[in-house]
Amino acid sequence: MEANENTPLRAVALVCTLSPSPSPSSSELLAHQTLEALAEHGVTGKAIRIADLDVKCGVKTDMGDGDAWPDIRETILGTDILILATPIWLGHPSSMAQRVIERLNAELGESDDEGRMLTYGKVAAVCVVGNEDGAHHVSAELFQGLNDCGFTLPANAVTYWVGEAMQGTDYQDLDKTPEKTAATTRTLTANTAHLARRLKRNVYPPS
């Protein structure tokens, strides 16, 4: 079926907070807000909190011994859009986000019958939260890794919130979502869904 503006799309958000459930998570909150905004563009999806699962260290598609990554990978490959949500820690993405990028690195060795990486045609975007500035740096790190691993980035592929330096308010503690963040999320989701449909209609050429 040829993709059009009404073609349903699927998304998965990988939440890279360091805290397992049921701990509250600002990263998870922004990820769910992004999924809700994507739903307005005909995208269904779910969030996976990486800290809840045994995602092994490594750069293979399957590290064995109960590794949770193969199931996550299957979910990613079955969707059109990947959202990577992370807090800022010491000016960088969380260690969970770095682990996800390292596991995605295995996709460089996987391809279809025409030589294309299996992630080609999938669109990625990023959510960042933190109490210090650094959202641009964090998104830049993740953009590079995601693009190297075969994902395509839309215009304005990040939504974020950062609080005032050296204070303790988290995104989840706010009384309401700041309009600037909400507007950025709306732009991200519109552009992401738009690009995902274009790539579903017109695949990349054989490698």
Closest approach of [X] to [Y] (non-hydrogen atoms, all atoms of both residues):
{"X": "Ala157", "Y": "Ala124", "result": "CB-O, 4.2 Å"}
{"X": "Glu107", "Y": "Met117", "result": "O-CE, 3.6 Å"}
{"X": "Lys122", "Y": "Leu77", "result": "NZ-O, 2.9 Å"}
{"X": "Val43", "Y": "Ala11", "result": "CG1-CB, 3.7 Å"}
{"X": "Pro93", "Y": "Ala97", "result": "CB-CB, 3.9 Å"}
{"X": "Ala85", "Y": "Ser27", "result": "CB-O, 3.8 Å"}

Going by the rule side-chain hydrogen bond (donor to acceptor under 3.5 Å, both in side chains), which residues pair with [X] if we only count those two or more places apart in sequence or in a different chain?
{"X": "Glu164", "result": "none"}
{"X": "Thr169", "result": "Gln167"}
{"X": "Arg116", "result": "Asp112, Glu114"}
{"X": "Thr192", "result": "none"}

Output all residues satisfying salt bridge (charged side-chain N to carboxylate O under 4.0 Å, His left out) with [X], sequence neighbours left out; order by chain, then residue number.
{"X": "Asp170", "result": "none"}
{"X": "Arg186", "result": "Glu179"}
{"X": "Asp52", "result": "none"}
{"X": "Glu141", "result": "none"}

Do [X] and [Y] come within less than 4.5 Å of each other through their side chains, counting heavy atoms only?
{"X": "Val158", "Y": "Leu142", "answer": "no"}
{"X": "Pro8", "Y": "Thr44", "answer": "no"}
{"X": "Ile76", "Y": "Phe151", "answer": "yes"}
{"X": "Leu18", "Y": "Met96", "answer": "yes"}
{"X": "Pro154", "Y": "Leu188", "answer": "no"}
{"X": "Cys16", "Y": "Ser94", "answer": "yes"}

Measure the spacing between [atom1] of [X] and [atom2] of [Y] and express it to the nearest 0.5 Å.
{"X": "Arg201", "Y": "Thr7", "atom1": "CZ", "atom2": "OG1", "answer": "7.5 Å"}
{"X": "Leu14", "Y": "Leu104", "atom1": "CG", "atom2": "CG", "answer": "7.5 Å"}
{"X": "His137", "Y": "Ile88", "atom1": "NE2", "atom2": "CD1", "answer": "9.5 Å"}
{"X": "Thr181", "Y": "Trp161", "atom1": "OG1", "atom2": "CH2", "answer": "8.5 Å"}

Give a yes or no on whether the backbone of [Y] and the side-chain of [X] come within a donor-acceptor separation of less than 3.5 Å.
{"X": "Glu132", "Y": "Met166", "answer": "yes"}
{"X": "Ser26", "Y": "Gln172", "answer": "yes"}
{"X": "Thr119", "Y": "Cys149", "answer": "yes"}
{"X": "Arg49", "Y": "Thr17", "answer": "no"}

Near [X] [atom1], under 6.0 Å, is it more than 12 heavy atoms from other residues, nucleotides or ligands?
{"X": "Arg10", "atom1": "CZ", "answer": "no"}
{"X": "Glu74", "atom1": "CD", "answer": "no"}
{"X": "Tyr160", "atom1": "OH", "answer": "no"}

Mind running side-chain contact (heavy atoms from CB on, under 4.5 Å) on Gln98 and Glu102 for me, showing each step along the way? CA-CA 6 Å; Gln98 181 63 29; Glu102 290 165 352; 3.3 Å; yes

Would a single hydrophobic cluster contain both [Y] and [X], if residues Ile, Leu, Val, Met, Phe, Trp and Tyr are joined by side-chain heavy-atom contacts under 4.5 Å?
{"X": "Phe143", "Y": "Val12", "answer": "yes"}
{"X": "Leu199", "Y": "Leu153", "answer": "no"}
{"X": "Ile48", "Y": "Val15", "answer": "no"}
{"X": "Trp89", "Y": "Ile50", "answer": "yes"}

Using residues 29-42 as the side-chain source, report each donor-acceptor pair under 3.5 Å to any protein atom, sequence neighbours left out, with the distance given to one decimal.
| residue | atom | partner | partner atom | Å |
| --- | --- | --- | --- | --- |
| Gln33 | OE1 | Tyr171 | OH | 2.5 |
| Gln33 | NE2 | Thr177 | OG1 | 3.0 |
| Thr34 | OG1 | Leu30 | O | 2.9 |

Is any NZ, NE, NH1 or NH2 atom of the basic residue among Asp65 and Lys56 found under 4.0 Å from an Asp or Glu carboxylate oxygen of the other? no

Any pair counted as side chain to side chain donor-acceptor pair (under 3.5 Å), so long as it reaches residues 143-152, sequence neighbours left out: Gln144-Asp148, Thr152-Tyr204

Would you mind writing out the side-chain donor-acceptor pairs for residues 57-64 within the sub-3.5 Å range, not counting sequence neighbours?
| residue | atom | partner | partner atom | Å |
| --- | --- | --- | --- | --- |
| Asp62 | OD1 | Gly64 | N | 2.7 |

Evaluation steps, side-chain contact (heavy atoms from CB on, under 4.5 Å), between Val126 and Leu146: CA-CA 10 Å; Val126 171; Leu146 289 165; 4.0 Å; yes

Ring pair (Phe, Tyr, Trp, His ring centres under 6.0 Å) involving His194 - partner list, sequence neighbours excluded: none

